Number of protein chains: 2
Amino acid sequence: MTADQRNAKLTEVAQRAGVSIATASRVLSGRGPASPASREAVRRAAADLGYVPHPVARRLAHGDGTRIVFAVRDRRTDILRDPFVTRAAAAMSVAAEPDGLGVSLRRLPLDAAAELESIAADRSVAAVVLAGHDRAMLDHLPAALRGRTAAIGAGGTDVDSAAGIGALVRHLYATGRRRIVLVGGPPWVAAARAPLHAYTELMRSAGLPIRVVPGDFTAARGRTAARIVLRRWPDTDAIAAVSDATALGVLQALAAAGLRVPGDIAVTGFDDIPLAAATHPALSTATHPVELIAVAATRAALGAPERGRLFPSRPVLRATA
Amino acid sequence: MTADQRNAKLTEVAQRAGVSIATASRVLSGRGPASPASREAVRRAAADLGYVPHPVARRLAHGDGTRIVFAVRDRRTDILRDPFVTRAAAAMSVAAEPDGLGVSLRRLPLDAAAELESIAADRSVAAVVLAGHDRAMLDHLPAALRGRTAAIGAGGTDVDSAAGIGALVRHLYATGRRRIVLVGGPPWVAAARAPLHAYTELMRSAGLPIRVVPGDFTAARGRTAARIVLRRWPDTDAIAAVSDATALGVLQALAAAGLRVPGDIAVTGFDDIPLAAATHPALSTATHPVELIAVAATRAALGAPERGRLFPSRPVLRATA
DNA sequence: CTGTTAGCGCTTTCAT
DNA sequence: ATGAAAGCGCTAACAG
C-alpha cells in the first residue's frame with residue numbers, strides 16, 4: 001500500500017488499472033458486472049494508491065443524505081440531555097459510523113407537524129429515528145419520510161416494558177405487597193401505554209386497587225409523585241416507577257418522610273441504569289437494553305428488513321424490593 | 001410560500017427570479033456581491049418555491065465533509081457508553097445540527113496513529129474532536145487534520161478541574177480532615193494531570209502526606225480503590241475522587257466495610273452528575289459543564305476562533321463532606 | 001454586479 | 001463486460 005500524499009480519486013485508480021472509470025466504479029461500489037480480470041486489477045490499483053472513496057460525492061450521485069436525525073418529541077426543553085436520549089444517540093453515532101453517517105439530535109414539540117415537514121425537505125437527512133411519538137405522528141408522517149423512518153417506542157423498536165414492569169409487580173405481590181402504586185410515564189407518549197396496561201391488568205385480576213400517578217421519567221417528578229402518593233393513599237406498601245431516575249426520586253422523598261425501604265414501602269424502578277446498583281439501598285429494577293434498541297432502530301431507519309422488534313426486559317432484584 | 005411537491009433546485013429559483021444560477025447561488029449562499037434588486041428577486045423566488053438548498057451538493061462543491069468525528073482514546077472497550085462520552089456526544093449532535101452536520105463516535109486505542117490516519121483520509125469527515133488524548137497524540141496529528149481538530153481535556157477545551165478539586169480538598173482540610181487520599185484518573189490521560197497536581201501542591205504546602213490511588217473514572221474502580229485505601233492507609237479520614245461514579249463506588253465499599261460517611265471518612269466526587277443529589281448520603285462534588293465544553297470544542301473544531309478555554313468548576317457541598 | 005463555464009468525485013444509463 | 005457521456009446540485013473562477 002503505497003501511501004500517497006493527496007487522496008487518489010477514482011480516475012487515477014481506473015487509469016492505473018487500465019480500465020474505464022465506469023468499470024472502476026462498478027468494482028469498487030460492488031454494483032454491476034465486471035470481469036474477474038478487471039475486478040482484480042481495480043482492487044490492486046485501489047490498494048496501491050491507498051484509494052479512499054469520497055463519501056460525499058457518492059451520496060450526491062446517489063441522491064441520499066449524510067446524516068441520521070434522532071428526533072425526540074417531548075415538552076421538556078432539556079430532554080436532549082436526558083440519559084435515555086444521550087445513551088441512544090451515542091449508540092446510534094457508533095452504529096452509523098462505519099457507513100460514514102453522523103447523527104443529529106433534535107427536539108420536537110408535542111405537535112411536530114411543521115418540524116417533520118422541514119426535516120423531510122432537508123436533503124442532508126438520510127433517515128430519521130423517532131422517539132416520544134404518539135400514534136398520530138406515526139400515521140401522518142410526511143410522504144418523503146416514509147421508508148426511511150423508524151421509531152423507538154410503541155409501534156417501533158422497543159423494550160418489552162409490559163413484561164418488565166409486569167415481572168416487578170408480580171414480585172411485589174409475591175412478597176406480600178397489596179397496595180401497589182404505579183408512577184407511570186407521560187400520558188401523551190405512546191410508549192407509556194404498555195407498562196400501564198400491564199400493571200392495570202395484573203392489579204385488576206388480583207382484585208387489588210389500581211393506583212396510578214403520571215410521571216415524566218425524571219427524579220424530580222419521582223419526588224413529587226411520592227409525596228402525592230403518601231398524601232392520597234397513606235396505606236401504600238409499594239411504589240413501582242417506570243424509570244430508575246423516578247424511582248430514585250421516590251426513594252429520596254420517602255427517606256425525607258422518615259419511611260424505611262423496603263421495610264415500610266418497597267420501591268422498584270425500570271432501566272437498570274449503571275448507578276442503580278451504586279445507591280443505598282440498591283435499587284430493584286428491570287433491564288432496558290437502550291443501546292441495542294437504538295441500534296436496531298437505526299438499522300431499520302436505514303432500510304434493514306426487521307422492524308418493530310420487542311427487546312426483552314429482565315428483572316434485577318436488589319435491596320429496595 | 002407555495003409549498004411544492006418536489007424540492008426545487010437552484011436552477012428553478014434562478015429562472016423564476018430572472019437571474020443566472022450564479023447570481024442565485026451568490027445570494028442564497030451569502031457570498032459574493034449581488035444587487036439589491038436581484039437579491040430581493042432571488043429571495044422571493046426561493047421563498048415562493050419553498051427552496052431548500054441541497055447540503056450534500058454544497059459540501060461536495062466546497063470540498064468539505066459532512067460529519068464530526070468524536071474520537072475517544074481509552075483502553076476500555078465500553079468507553080463509548082460512558083456517561084461523560086454520551087453526554088458530550090449528544091451535546092455535539094445538538095450543536096452541529098443547524099449546520100446539517102452529524103456526529104460519529106469512535107473509540108481510539110492508546111496508540112491511535114493508524115486510526116487517526118484513516119480518519120484524516122476519510123473525506124466525509126468535516127472535523128474531529130478528541131478526548132482522552134495525551135500530548136504525543138496532539139503533537140503528531142496528521143497534517144490533513146490540523147486546523148479542523150479540537151480537543152476536550154488538557155491542551156484543549158476543558159473544565160478547570162484543578163480549581164474544582166482544589167476547592168474540595170481545601171474544604172476537606174477546613175473541616176478538619178488531614179489524611180486525604182486522592183483517587184485520580186488514568187495516568188495515560190493528559191487531562192488527569194491537572195487535578196493530581198492541584199491535590200499534590202495543596203497537600204505538600206500543608207505538610208500533609210500525599211496519598212494517591214490511580215483510577216479510571218468508573219464505579220467499579222472506586223470500590224477497588226476504597227479497599228486499597230483502607231488496607232494501605234487505615235487512618236484515612238477523607239477520600240477525594242475525580243469522578244462521581246468513582247465516588248459512588250467508594251461510598252459502596254465504605255458502607256460494606258461498616259464505615260460511616262462523613263462520620264468516619266468524608267468523600268467527594270467530581271462532575272456533579274444529576275444522580276449525585278439523589279443518593280444517600282447525597283454526594284459532595286464539583287460541577288463539570290460537560291455540554292458547554294463539548295459545544296465549545298465542536299465550534300473550535302469547525303474553525304471558531306477561541307480555543308483552549310477552561311470552564312469553571314464550582315464545589316457543591318452536600319452530605320458526604 | 002452578472003452570466004458563462006468549469007469543476008467537486010462518483011454513479012449510471014446506454015450503446016457497443 | 002465495458003466505455004463514453006450525462007448527470008447529482010451547487011460553487012467559484014473568469015470574463016464582461
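Treat the numbers as computed from the prediction; the structure is a model and nothing was measured. Chain letters run A, B, ... following the sequence lines, proteins first and then strands; every chain starts at 1.
Of the inter-residue distances, the one linking A:Trp188 atom CH2 with A:Asp111 atom CG reads 13.0 Å to the nearest 0.5 angstrom.
An OP1 or OP2 oxygen of D:dT11 is reached within less than 4.0 angstrom by no side-chain nitrogen or oxygen of B:Arg26. Between C:dT12 and A:His62, a contact under 4.0 Å exists linking OP1 or OP2 to a side-chain N or O. A:Ser35 has a side-chain polar atom (N or O) that falls below the 4.0 Å cut-off from OP1 or OP2 of D:dT2. For the OP1/OP2 pair of C:dT2 and a distance below 4.0 Å, the side-chain nitrogens and oxygens of B:Thr23 include no atom meeting the criterion. For the OP1/OP2 pair of D:dG9 and a distance below 4.0 Å, the side-chain nitrogens and oxygens of B:Tyr51 include no atom meeting the criterion. Between C:dC1 and B:Ser38, no contact under 4.0 Å exists linking OP1 or OP2 to a side-chain N or O. The phosphate of D:dT11 (OP1 or OP2) has a side-chain N or O of B:Ser25 nearer than 4.0 angstrom.
At whole-Å resolution of the value, CG in B:Leu60 and P in D:dT11 are 11 Å apart. The separation between A:Arg31 atom CZ and C:dT12 atom C1' is 10 Å, rounded to whole Å. A:Leu10 has its CG atom 12 Å from the P atom of C:dT12, to the nearest Å.
One finds no salt bridge joining B:Asp78 and B:Arg107 here, because no Lys/Arg side-chain nitrogen approaches an Asp/Glu carboxylate oxygen to under 4.0 Å.
There is no side-chain donor-acceptor pair under 3.5 Å between B:Thr66 and B:Arg59.
Because its NZ or CZ atom is not both nearer than 6.0 Å to the ring centre of A:Phe84 and within 45° of the ring axis, A:Arg87 does not count as a cation-pi partner of that residue.
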Next item on the list: Verify side chain to side chain contact (heavy atoms under 4.5 Å, CB included) between A:Arg26 and A:Arg31, making sure each step is shown before the conclusion.
Entry: CA-CA 5 Å; A:Arg26 280 189 282 255; A:Arg31 341 192 180 216; over 6 Å; no

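Nearest-nucleotide mapping onto DNA chain C: of A:Ala61 and B:Ala37, the residue sitting toward the 5' end is B:Ala37. Residue-to-nucleotide proximity on DNA chain C shows that, of B:Val19 and B:Arg123, the 5′-proximal contact is made by B:Val19. For the pair A:Ala57 and B:Ile21, nearest-nucleotide mapping onto DNA chain D gives the more 5' position to A:Ala57.
Set against D:dC8, C:dC1, D:dT11, the side chain of B:Ser29 has D:dT11 as its closest nucleotide.
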